[in-house]
Amino acid sequence: MRRMRVSRPYLYLSLFASGCATLGVEISAAHLLRAVYGTSNIVWATVIGVMLLFLALGYRLGGRWADRPAGAQPDTFYRLLAWAGFTAGAAAILTRLLLRPAAAALATIRIGPVVGSFVVALALLAVPVVLLGCVSPYAVRLALGVSQGSEAAGSAAGRVYAASTLGSFVGSFLPPLLLIPLAGARSTYWILAGGLLLAVCAGLRPTAARSRAASGARPQAAGSGLLFSVFAVGLVSLGAEVTASRLLGPTFGDSNLVWAAVIGVSMMALAAGYYAGGRLADRVPDWKVFLALVGLGAMFTALTPLISRPVLDLTSGLAPQSAAGFALALVVSAGSMLAVPMGLLGSVAPFAVRLMLPESGAAGRTAGGLYAISTVGSLVGAFLPVLWLIPVVGAAGGLLAMALALCLVAVLWLLRRHARHEWAMALLPVLLLAGFPLSQGPVKDTPGQLFEAESAYNYVEVVERQGVRYLLLNEGQGVHSVYDPSGGLTMGTWDYYLAAPFFNSPPHRPADVQGLALVGLAAGTISKQYTAVFGPLSIDGIEIDPAIVAAGRDYFAMTEPNLNVIVGDGRYELGRSEGRYDVVAIDAYRLPYIPWHLTTREFFGEVRDHLSAQGVVAVNVGRTPTDRSLVEAMIATLTSVFPSVHVMDVPETFNTILVATVQPTTSGNLRQNLALLEPQTSPLLTEAIERADAALRPTVASTTVFTDDRAPVEMMTNRIVIDFVLSGEASSLGSPMGN
């Protein structure tokens, strides 16, 4: 049979573009869904899960397709790429046009956001992701050709990649949903390492099997045992990546930059591992070496939590107080923790391909090189949408641009090879270009909309109703800021923060409030109220999303000269602040979650260190009418740091404001300080304290105390949300603006 000819540089370019499109589809799909279903962990889990499952299916199908009797052909490969790019772009256009009508139709048959987001993600991702998954094993088959016993190369690579990806699917969810909440982040690394050691044990075979492998026969373990090891490695590599963000969170926060460092370091280490592992496999194609790599990966994974604390202490202490210093310290920290274990884990997949093709002396090097190129493309695809495309052209436009690039790579090859026969394929990028205008325009047509933007963090919307402006994020179920030019209380959650300092022992007067730190500034409702009541006191307002800050300045008159706006992660920025405050207000919801690193005993210890002798901290916590478990856990955590905690349930909302004080206090202080207010006191403050006093509830704590190592906030919130939806109470939710 004639050896198939394929241009290696162009094949590498194609795989790079495919890897970029694959991660771009995942990131963009989550951003497309957020305008309807929000940015909850459930939505992200849905997108990641659907992606990984369809990729695994694509790997398996692509490998079998490449090994058909007719053989793999370059032209077929590039037709596959072209259709993958076209279907991804078509999905972007159709999603922009049909997502909201589809969500409304699902809602009419009482399908909630959990199932609804899954159904929509399934329809959006199925075809393009399966096609993209077919690419890698087909490329391995093309690169190896038909010589050197490689007739089964595609199927072998497909099985290995599918097993690895299914492991990654489990590894994406097992740590955040189960292991970290139950055992803590550091213990999770030991559990993951133990799983790898079990894989090593499962790979050990009797002496006869090992001797057959040494003599050149295909080892028995090259079947189920090998694939189980690859599955375990895929699980641990994603699990270690997810867990690393928890170790970095207490020091560096939970911003996009933290995730960028974790993902970037992990992917570069994996790419290096793929390349090195493939070359090693071709030099020493020995099952024992394969198991040694898995065992070393387990060992260095287990060492990660042991070295994390000294590494974080060293790097954070050496970093200069600047954005560049922060980024450098973050990358060095992530690299020190992840580079070696992820590199070792990355070496396993191409080694496994080599073991499954013992007669092909180039199988490991070929598979490793191609997988490395694809992973570098995935690295670009992970950041290009978030850092550039989505803010510039939106999620749908960004996905369409990446799909168009992939489609063009394929069509240019086909036109160069068969100018007379492949002109019909040129219609695919033309159709995508023609559909580009359909991906643009407003994301929503909300009545009274003044502004909308898609940022790296949120879909941001400003709506005006009866002269009052509201800041809505993502699905729009919650209001994050309110601006009424006529003044007065908002009659919402924000008003209760005004009462927080008056839990101190009487007499406590408005003049005693001199400084405020606000974690979760949003568009400045709380800072505006504090300025109106207490005068030009010093305010440090921390907000992670610059698009929200811009909306606050342009539409919410967030221009107070006493307000110092800090764009960054709340914990990190507060930690490096040199200020001491009378009030620290925390309102950092990304509905329905509180960022976990803003809920721990260690964090509230840092807050206490920034409070004055009469300081208070006020925190907004979610609940439902029947489930107060998160509130009670937060009370227990605050009580472990502060002597007194007070509880206010905001009427007609799912919000509770917790106030903890540096000094021992009683809830009766609130009414006593109200009685001592002077006649010229702002009526906003008087009314706010009256409403706060009426909203007081008993302080009931659970036995759960959140720590930096174990803070099952997401698990508790997911359970609360799912129970609320299944109970049917969610149908009672109306517009957050009351109409």
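Just so it is clear, the model here is predicted, and its values are computed rather than measured. Numbers here are sequence positions counted from 1. The basis for the numbers below is simple: all heavy atoms, side chains too, and nothing from hydrogens, waters or symmetry mates.
Legend: residues meeting ring-ring contact (aromatic ring centres under 6.0 Å, His included) with F604, ordered by chain and number and at least two apart, are absent. With sequence neighbours left out, the salt bridge (Lys or Arg N to Asp or Glu O under 4.0 Å) criterion links R697 to D649.
In this structure the side chain of Y530 reaches within 4.5 angstrom of the side chain of L498, judged on heavy atoms. Side-chain contact between L472 and V463 is present, with heavy atoms from C-beta onward closer than 4.5 Å.
From T525, atom OG1 reaches atom CH2 of W494 across 6.0 Å, with rounding to the nearest 0.5 Å. The CD1 atom of I635 lies 8.0 Å from the CG atom of L638; values are rounded to the nearest 0.5 Å. Atom CD of residue E687 and atom CG of residue L674 lie 11.5 Å apart, to the nearest 0.5 angstrom. Taken to the nearest 0.5 Å, the CG atom of L489 stands 5.0 Å off from the CG atom of L684. Here the straight-line distance linking atom CD1 of I586 with atom CD1 of I594 works out to 9.0 Å at 0.5 Å rounding. In this structure, CG on L516 lies 9.0 Å from CG on D582, to the nearest 0.5 angstrom.
More than 12 heavy atoms of other residues, nucleotides or ligands shown are found within 6.0 angstrom of CD on Q680.
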| message | Between E454 and K444, is the salt bridge (charged side-chain N to carboxylate O under 4.0 Å, His left out) condition met? List the steps. | response | CA-CA 11 Å; E454 292 183 275; K444 291 184 178 180; over 6 Å; no

| said: Please determine whether side-chain hydrogen bond (donor to acceptor under 3.5 Å, both in side chains) holds for the pair R719 and S629, giving the CA-CA distance in whole Å, both sets of side-chain angles, and the decisive distance to 0.1 Å. | reply: CA-CA 10 Å; R719 179 181 53 75; S629 56; 2.9 Å; yes

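Using modelled atom types, one finds no donor on one side chain facing an acceptor on the other under 3.5 Å when comparing S612 with R580. Donor-acceptor pairing under 3.5 Å is recorded for the side chains of Y581 and D540. There is a side-chain donor-acceptor pair under 3.5 Å between E452 and Y459. For the 3.5 Å distance criterion, the side chains of H480 and D587 fail to qualify, holding no donor opposite an acceptor.
Side-chain atoms of R623 do not come within 3.5 Å of backbone N or O of L630 as any donor-acceptor pair.
The shortest heavy-atom contact between Y572 and T251 is CD1-O, 3.4 Å. Between F654 and P625, the shortest heavy-atom contact is CE2-CD, 3.3 Å.
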Which atom pairs, donor and acceptor, lie under 3.5 Å between side-chain atoms of residues 554-562 and protein residues at least two apart or in another chain?
from : atom 1 : to   : atom 2 : distance (Å)
E560 : OE2    : K528 : NZ     : 2.5
N562 : ND2    : T531 : OG1    : 3.1
N562 : ND2    : L537 : O      : 2.8

